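Notes to accompany the following structure.
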Protein chains: 2
Amino acid sequence: MASSIHDLARHLNISIGTVSRALNGRADVNAETRQRVLEAARTLNYSPNQSGRSLRKGATHSIAFMLQPHPGDQQYGEPFFIPFLTGLQARLAESDLDLMVVMGEPGQYQPERLRRVVETRRADAVVLANTRREDDRIDYLSKAGFPFATLGRSQSGGDTYPSLDIDFERAGEEAVDRLVARGHRRIAAIRPSLDLNFGYLFLDGYRKALKRHGIEVDPGLIADGFINETGGYQVTPHVMLSKDRPTAIIFNNDAMALGGCKALAEMGIRPGHDIAVIVIVDTPLCRYFSPALTAFRPSLEPMGRRLAEMLLASLPAFAGPEGTRIIREVWPLELVARESD
Amino acid sequence: MASSIHDLARHLNISIGTVSRALNGRADVNAETRQRVLEAARTLNYSPNQSGRSLRKGATHSIAFMLQPHPGDQQYGEPFFIPFLTGLQARLAESDLDLMVVMGEPGQYQPERLRRVVETRRADAVVLANTRREDDRIDYLSKAGFPFATLGRSQSGGDTYPSLDIDFERAGEEAVDRLVARGHRRIAAIRPSLDLNFGYLFLDGYRKALKRHGIEVDPGLIADGFINETGGYQVTPHVMLSKDRPTAIIFNNDAMALGGCKALAEMGIRPGHDIAVIVIVDTPLCRYFSPALTAFRPSLEPMGRRLAEMLLASLPAFAGPEGTRIIREVWPLELVARESD
DNA sequence: TGTGTTCTCGTAAACGTTTACGGAAAAACG
DNA sequence: CGTTTTTCCGTAAACGTTTACGAGAACACA
């Protein structure tokens with residue numbers, strides 16, 4: 001069924017070496033011969049076997065994307081990743097690369113699932129998501145000398161790999177700025193308790209902005225919770241019951257914001273009326289919630305494309321002109337003002 | 001860096017044939033020898049090169065999942081697929097198979113993107129999503145004799161491939177039953193205008209139930225729209241402006257329901273008060289919408305596992321005892337009663 | 001005519017496996 | 001002790017590519 005390069009060669013009465021060279025556009029092949037080969041390839045419906053090519057070239061022509069689910073009861077995964085994956089895949093496809101998806105054990109950041117990919121050479125590089133502040137997966141890949149890039153920053157591994165992140169720090173600042181401009185001084189911050197790096201970045205921005213405005217940081221207004229609706233639901237009351245009640249809350253995660261709003265509702269506090277709410281990282285949930293939640297929105301699909309681009313630039317086989325390697329990039333978020341603040 | 005089977009053989013002073021046999025658990029190798037090989041494999045950190053193995057065995061040990069984005073302006077893709085993918089991947093991983101993700105050109109159901117996978121042998125089988133009533137991709141794969149399975153039914157390709165679907169027909173019926181039981185007689189149905197098969201199935205169930213209750217089907221209460229928020233927003237008024245206004249609407253898609261509710265709001269009609277709303281195929285959006293939308297919920301993660309199971313059972317290399325091949329399965333949805341009906 | 005260059009192609013090795021085949025040694029059997 | 005069977009292992013081919021090497025032919029040039 002599958003026609004091989006040998007079939008082509010036999011059909012054209014020519015050696016497989018020449019066929020291969022013709023197909024791969026090498027210079028040392030007669031123009032007319034190349035034409036015949038190309039034509040025969042079309043009529044015989046030939047395309048090179050990927051395994052054979054991989055074996056010979058020592059490259060699989062595929063990139064693994066590792067999605068690390070959070071533990072917990074989320075019925076639906078994060079919608080975040082579909083558009084990101086779309087962009088990532090689109091760019092990879094342009095370089096004739098496949099996208100492989102690897103899922104980690106929920107909540108387990110050990111590199112076990114990665115080992116298989118690396119050790120059996122199933123992919124040429126890895127893209128990591130849900131980056132933690134300290135991330136075993138990054139340590140593992142660095143140590144193994146396996147090329148990778150990350151969506152999100154980490155403190156692990158140094159500055160040796162491309163990473164693309166959202167500017168959580170700046171978003172934290174801007175959220176505070178906006179709230180202060182609207183007269184708020186007591187602003188709470190609620191973020192995930194996991195070691196996810198963006199939680200730290202957000203808090204840095206939050207603190208920085210508060211200080212800039214001459215507002216003292218009140219630890220009672222900062223709370224960590226589980227990164228889902230339940231976490232937001234549980235932790236929001238803590239903050240609301242501090243001696244001096246906040247007039248605004250910034251949530252660092254959409255699911256936590258929804259849980260938090262539920263808690264607020266039960267306390268008779270209405271977002272947009274009695275309290276201002278801003279969430280960092282918009283999702284459709286924010287848009288359709290009532291009241292619609294003001295949020296900071298990333299451009300996921302372009303980010304996917306970009307990270308693919310950065311990763312490719314770091315791979316010797318795909319690197320363009322020397323010195324174009326991009327190590328880190330941090331993208332701004334766009335504020336989508338809605339009804340909750 | 002990468003240790004090959006030759007390194008192992010050299011290290012043990014033994015032939016590569018024996019090493020391979022020992023590793024693959026074949027019978028004709030001495031127990032003690034096997035022990036030594038296994039041990040050496042561990043200390044030398046050996047794992048077989050996937051490309052070499054693929055080439056020799058003529059199988060890639062990976063399955064492609066094709067996601068077909070709808071055209072349109074959806075900022076975030078369908079959250080639907082992440083948990084499905086999780087289940088799919090989990091089951092595949094148990095059989096040491098990789099998951100490759102292929103995205104179609106938005107709205108284009110031509111098998112172009114599939115061609116690459118099939119012709120270059122990049123995967124051993126394909127899983128199709130967003131199945132259309134008539135689906136070129138299915139025709140292509142059937143004709144090519146390439147193994148595949150589908151999430152969702154289609155009329156293409158006959159009964160020759162495993163497929164797993166949600167019971168949209170039954171959900172349509174149950175939605176009508178529930179509404180009728182609550183006193184409704186004028187029930188509208190809004191579904192996507194694309195050739196997506198579930199739209200037909202849903203409508204079949206809707207009609208069937210109406211007839212069973214002795215209610216005449218009013219074409220003015222049935223509308224097709226673009227499968228996103230805008231579509232729901234545009235088409236809902238049509239149905240509301242029919243001579244005899246409906247007292248209930250069943251939406252066949254969550255995004256359309258949200259758009260529809262927006263249109264209703266602008267007409268001063270409140271879901272849950274002035275009109276009953278049920279949506280088929282629940283998402284987090286339904287849960288967090290206000291009022292929370294009553295919806296039918298699939299169990300995505302188990303479905304992913306199951307479809308993987310079915311696909312594997314259809315592959316000669318993985319088939320268990322003969323005759324266990326499952327061709328079609330249709331899973332029920334669970335009603336999640338909330339506030340909108 | 002002899003020498004050097006260029007163009008084009010064939011040969012064969014290599015990538016890392018798996019496996020059919022055969023053979024030597026050991027065991028079983030009469 | 002001779003014969004058959006079993007156990008275990010080495011040899012080598014094969015999967016489908018790519019590519020280093022070399023060689024023949026054609027051509028240019030002196």
Side-chain angles (χ1 to χ4, degrees), chain A residues 1-38 40-41 44-62 96 98 116-124 317, chain B residues 1-38 40-41 44-62 96 116 118-124 317:
Chain A
M1 192 80 251
S3 63
S4 82
I5 207 172
H6 290 95
D7 301 326
L8 261 190
R10 207 173 316 122
H11 180 257
L12 291 169
N13 228 4
I14 197 184
S15 84
I16 61 165
T18 306
V19 174
S20 178
R21 280 190 299 264
L23 255 21
N24 291 356
R26 306 192 79 89
D28 56 348
V29 43
N30 182 287
E32 190 216 356
T33 313
R34 162 167 295 131
Q35 212 46 47
R36 287 177 52 227
V37 170
L38 257 30
L44 290 198
N45 200 19
Y46 167 80
S47 37
N49 176 296
Q50 186 58 23
S51 304
R53 170 178 285 196
S54 293
L55 179 57
R56 167 66 214 219
K57 315 238 315 182
T60 62
H61 281 252
S62 83
D96 200 42
D98 291 318
R116 221 174 113 264
V117 176
V118 172
E119 290 174 0
T120 65
R121 305 288 113 114
R122 276 175 145 93
D124 297 336
Chain B
M1 194 80 250
S3 63
S4 82
I5 206 172
H6 291 94
D7 301 326
L8 262 192
R10 206 173 315 123
H11 180 256
L12 291 168
N13 229 4
I14 196 185
S15 84
I16 60 165
T18 305
V19 173
S20 177
R21 279 189 300 264
L23 256 20
N24 291 356
R26 306 191 78 90
D28 56 347
V29 43
N30 183 286
E32 190 216 356
T33 311
R34 162 166 296 132
Q35 214 45 47
R36 287 176 51 224
V37 170
L38 258 28
L44 289 196
N45 201 17
Y46 167 81
S47 38
N49 176 295
Q50 186 57 22
S51 304
R53 168 178 286 195
S54 294
L55 179 56
R56 166 66 215 223
K57 312 239 316 183
T60 63
H61 281 252
S62 83
D96 201 42
R116 220 175 115 263
V118 172
E119 291 175 357
T120 65
R121 303 291 112 112
R122 276 178 145 90
D124 296 335

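Any value given below was found using the heavy atoms of this structure, including those in side chains, with hydrogens, waters and symmetry copies removed. As the structure is a prediction and not an experimental result, all values here were calculated from the model.
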Distance test, side-chain N/O of B:Ser54 to OP1/OP2 of C:dT17, below 4.0 Å: no
Between P of D:dA14 and CD1 of B:Ile16, the distance in whole Å: 15 Å
Protein-to-nucleotide contact annotation, 5' to 3' order, nucleotides 23-28 of chain D [B base; S sugar-phosphate only; - none; under 4.0 Å, heavy atom]: ------
Pairwise 5' ranking along DNA chain D for A:Ile5 and B:Val29, keeping only the more 5' one: B:Val29
B:Arg10 CZ to C:dG16 C1', straight-line distance once rounded to whole Å: 13 Å
Spacing of A:His61 atom NE2 relative to D:dG16 atom P, expressed in whole Å: 18 Å
Qualifying salt bridge (Lys or Arg N to Asp or Glu O under 4.0 Å) pairs with a residue from residues 47-56 of chain B, counting only residues at least two apart or across chains: none
Length of the CD-C1' vector between B:Glu32 and D:dT7, whole Å: 14 Å
Contact under 4.0 Å: B:Arg53 side-chain N or O vs C:dT18 OP1/OP2: yes
Sugar-phosphate, base or nothing in reach of A:Gly17, heavy atoms under 4.0 Å: base
DNA chain D: 5'-proximal contact among B:Asn30 and A:Ser51 (nearest heavy atom): B:Asn30
Test side-chain contact (heavy atoms from CB on, under 4.5 Å) applied to B:Arg121 and A:Gln50, step by step: CA-CA 6 Å; B:Arg121 303 291 112 112; A:Gln50 186 58 23; 5.5 Å; no
Protein-nucleotide distance (A:Asp7, atom CG; D:dG16, atom C1'), rounded to Å: 11 Å
Sugar-phosphate, base or nothing in reach of B:Asp28, heavy atoms under 4.0 Å: base
Heavy-atom side-chain contact between B:Asn30 and B:Gln35 under 4.5 Å: no
Any donor-acceptor N/O pair under 3.5 Å between D:dG10 base and B:Arg21 side chain: yes
Inter- and intrachain pairs under side-chain hydrogen bond (donor to acceptor under 3.5 Å, both in side chains), touching residues 16-28 of chain A, at least two apart: A:Ser15-A:Thr18, A:Thr18-A:Arg21
DNA chain C: 5'-proximal contact among A:Arg56 and B:Thr18 (nearest heavy atom): A:Arg56
Pairwise distance CG(B:Asn49) to OG(B:Ser4) - rounded to 0.5 angstrom: 9.0 Å
Nucleotide nearest B:Tyr46 when distance is taken to its side chain, options D:dC9, C:dT17, D:dT19: C:dT17
Phosphate-side-chain proximity, A:Ser20 and D:dT18, N/O vs OP1/OP2 below 4.0 Å: yes
Listed nucleotide nearest any side-chain atom of A:Lys57, set D:dT18, C:dT17, C:dT11: D:dT18
Check against side-chain contact (heavy atoms from CB on, under 4.5 Å), B:Val37 and B:Val29: CA-CA 11 Å; B:Val37 170; B:Val29 43; over 6 Å; no
Salt bridge present between B:Lys57 and B:Asp124 (N-O < 4.0 angstrom): no
Distance in angstrom units between A:Gln50 CD and D:dG16 C1', rounded: 11 Å
Whole angstrom value for the distance that separates P of C:dC9 from CG of A:Leu23: 14 Å
Between C1' of D:dG16 and CG of A:Leu55, the distance in whole Å: 9 Å
Contact under 4.0 Å: A:Asn24 side-chain N or O vs D:dT18 OP1/OP2: yes
pair B:Val19-B:Tyr46: side-chain heavy atoms closer than 4.5 Å: no
